[in-house]
Amino acid sequence: MHLPNPAPIDAAPVLAWYDSHARNLPWRVSPADRAKGIAPDPYRVWLSEVMLQQTTVAAVKTYFLRFTSLWPTVFDLAAAPLDAVLKEWAGLGYYARARNLHACAEAVVNQHGGVFPTSSAALQTLPGIGAYTSAAIAAICFDEEIAVLDGNLDRVLGRYYALPVPVREAKDELRAALQASVPKRAGDFAQAMMDLGATICAPRTATCMLCPIQPGCIATKTAAPTVYPLKPAKPEKPVRKGHAFVMTDADGDVYLQTRPDKGLLAKMTEVPTSDWVSALPPVAYPASGDWRHRGQVIHVFTHFRLELEIWSAAVAPAGLDRGWWAEPSALKGEALPTLFRKVLAAAGLE
DNA sequence: AAAGCGGGGTT
DNA sequence: AACCCAGCTTT
């Protein structure tokens, strides 16, 4: 046990702070409207929460507006082809989220009549909805009195209790301490604590004099509150190298194909590449042509750094039957991850 | 329990 | 250039 008998957080000043300092977000019902009995739309809250998994608010906003414009209800999203969803998700990353999002929409429509379940336990059985997201939806939409523990709260609680070990080693204890603090306004409390972590108790700075829970905070009494939460040592990122081949035909169309069903960037659109390995392999062109080297693209993933040599050529289409030829003007609408947009840009397209 | 899985905003 | 984000799923 790292937190013997932790004191609960006093929710009252947190809610009072939220009433006057809540962020204005496209998927959020303001605390004033919530007090009038206006409830959030579970579809919009769910969509925003999935987009926000490991992704910043700033990056999500435009995607959220685009999705809700194209597909205003869960019925619309469930009826859309997965392909269309992947195209709209392109650039946001973690593409398994988009596949699970579509599967979840289908499950809500086909198994729940288009109505989202109202308990965190039921929500968590749906694709792409785990411990955090189920709690967030249940609290925000239905005021279920449940602890909503995300990366912000890891930091806020790690500091509040001056947690002496990395969060991963005390997750259950933090959740229990938070659970003991949840008030009736559970949804506003969850959002308030996340806003607190995003604005006052930020990763590199803590503006403790403005913090509504400073009185009980242990870290603020120390010389350097931001040393919490303690971080585990990070492993070094390996480098992988390879070649990417941008081919055009006589019409100037570009050769594209779909990535495999599983693994990195699954089912997304790409141009052909070599394997990505630690030592740059000899170049093996996928078709004959006047190949030109177009420089290098560097792209950093979560668990490795990728360095691709970019080659382009006009080729005869014979033997290329796995993919398709796309007009350059149509590239914008393809399900191209950022990596391959960089590759096409290096080859003079896009 | 650990690994795999993107990309960009912020500092 | 490092850090880290409203985490989930698979192994």
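Note that this is a predicted model, so its numbers are computed, not measured.
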Using only heavy-atom distances, decide whether a donor-acceptor pair under 3.5 angstrom links the side-chain of A:Arg168 to the base of B:dA2. no
Would you kindly give the NZ-to-P distance between A:Lys237 and B:dG4, to the nearest whole Å? 13 Å
Should A:Asp154 and A:Arg175 count as an ion pair when the cut-off is N to O under 4.0 Å? no
Sugar-phosphate only, base, or nothing, as touched by A:Ala96 at under 4.0 Å among non-hydrogen atoms: nothing
A:His299 side-chain N/O to B:dG7 phosphate OP1/OP2 under 4.0 Å: yes
Salt-bridge contact A:Asp275-A:Lys241 (side-chain N to carboxylate O under 4.0 Å): no
Does a donor on one side chain and an acceptor on the other come within less than 3.5 Å for A:Arg159 and A:Thr226? no
Whole-Å C1' distance, C:dC4 and B:dC5: 15 Å
For C:dG7, take OP1 and OP2 only and decide whether either is under 4.0 Å from a side-chain N or O of A:Gln54. yes
Looking only at the side chain of A:Thr56 (C-beta and beyond, no hydrogens), which of the listed nucleotides C:dA6, C:dC5, B:dG6 gets closest? C:dC5
I'd like to know if A:Glu88 and A:Arg66 make a salt bridge, using a cut-off of under 4.0 Å between side-chain N and carboxylate O. yes
If you look at every strand shown and take non-hydrogen atoms under 4.0 Å, does A:Leu25 touch a base, only sugar-phosphate, or nothing? base
Nearest whole Å is fine: how far is B:dC5 C1' from A:Lys267 NZ? 15 Å
Between B:dA3 and C:dA6, how far is it from one P atom to the other, in whole Å? 25 Å
Is the phosphate of C:dC3 approached by A:Lys231 (side-chain N or O, under 4.0 Å from OP1 or OP2)? no
State, without any angle test, whether A:Arg294 and A:Ser312 hold a side-chain donor-acceptor pair at a distance under 3.5 Å. yes
Hey, is A:Arg99 close enough to A:Glu106 for a salt bridge, meaning N to O under 4.0 Å? no
Quick one: which of C:dA6, B:dT10, B:dG7 gets closest to the side chain of A:Met194? C:dA6
Minimum-distance nucleotide (side-chain atoms of A:Arg23 versus B:dG7, B:dT11, C:dA6): C:dA6
Answer yes or no: side-chain N or O of A:Thr55 and base N or O of B:dG7 forming a donor-acceptor pair under 3.5 Å. no
Could you tell me whether A:Arg341 contacts a base, only the sugar-phosphate backbone, or nothing, with contacts defined as non-hydrogen atoms closer than 4.0 Å? nothing
Mind checking A:Trp46 for me? I need base, sugar-phosphate or nothing, with any heavy atom below 4.0 Å counting as a touch. nothing
For the residue pair A:Trp46 and A:Phe116, categorise the inter-ring angle as parallel (less than 30°), tilted (30 to 60°) or perpendicular (more than 60°). tilted
From the set C:dC8, C:dA6, B:dG7, return the single nucleotide nearest to any side-chain atom of A:Gln53. C:dC8
Interatomic distance, A:Asp154 CG vs C:dC4 P [rounded to whole Å]: 12 Å
How would you label the contact of A:Gly263 with the nucleic acid (heavy atoms, under 4.0 Å): base, sugar-phosphate, or nothing? sugar-phosphate
Closest to the A:Lys234 side chain: C:dC3, C:dA6, B:dG6? C:dC3
Which whole-number value in Å describes the distance from A:Leu123 CG to C:dC8 C1'? 15 Å
Classify the side chain of A:Thr133 versus the base of C:dG7 as yes if they form a donor-acceptor pair under 3.5 Å and no if they do not. no
Under 3.5 Å, N/O pairs linking protein and nucleotides 9-11 of chain C:
{"residue": "C:dT9", "atom": "OP1", "partner": "A:Gly128", "partner atom": "N", "Å": "2.5"}

So, is A:His303 near the phosphate of B:dG4, with a side-chain N or O under 4.0 Å from OP1 or OP2? no
Measure from the side-chain heavy atoms of A:Leu265 and tell me the nearest of C:dG7, C:dA6, B:dG7. B:dG7
Taking only side-chain nitrogens and oxygens of A:Tyr94, does any of them come within less than 4.0 Å of OP1 or OP2 of C:dC5? no
So if I take every side-chain heavy atom of A:Asp150 and compare against C:dC8, B:dT10, C:dG7, which nucleotide ends up nearest? C:dG7
Between C1' on B:dG6 and CG on A:Leu52, what's the gap in Å once rounded to a whole number? 15 Å
For B:dG8, take OP1 and OP2 only and decide whether either is under 4.0 Å from a side-chain N or O of A:Thr338. yes
Whole-angstrom distance between C:dC8 and B:dG8, as gauged at atom P: 22 Å
Looking only at the aromatic ring of each residue, does the gap between the centers of A:Phe67 and A:Trp89 stay below 6.0 angstrom? yes
Are the side chains of A:Leu230 and A:Leu163 in contact, using a 4.5 Å heavy-atom criterion? no
Base, sugar-phosphate or nothing for A:Ala266? Non-hydrogen atoms, less than 4.0 Å. nothing
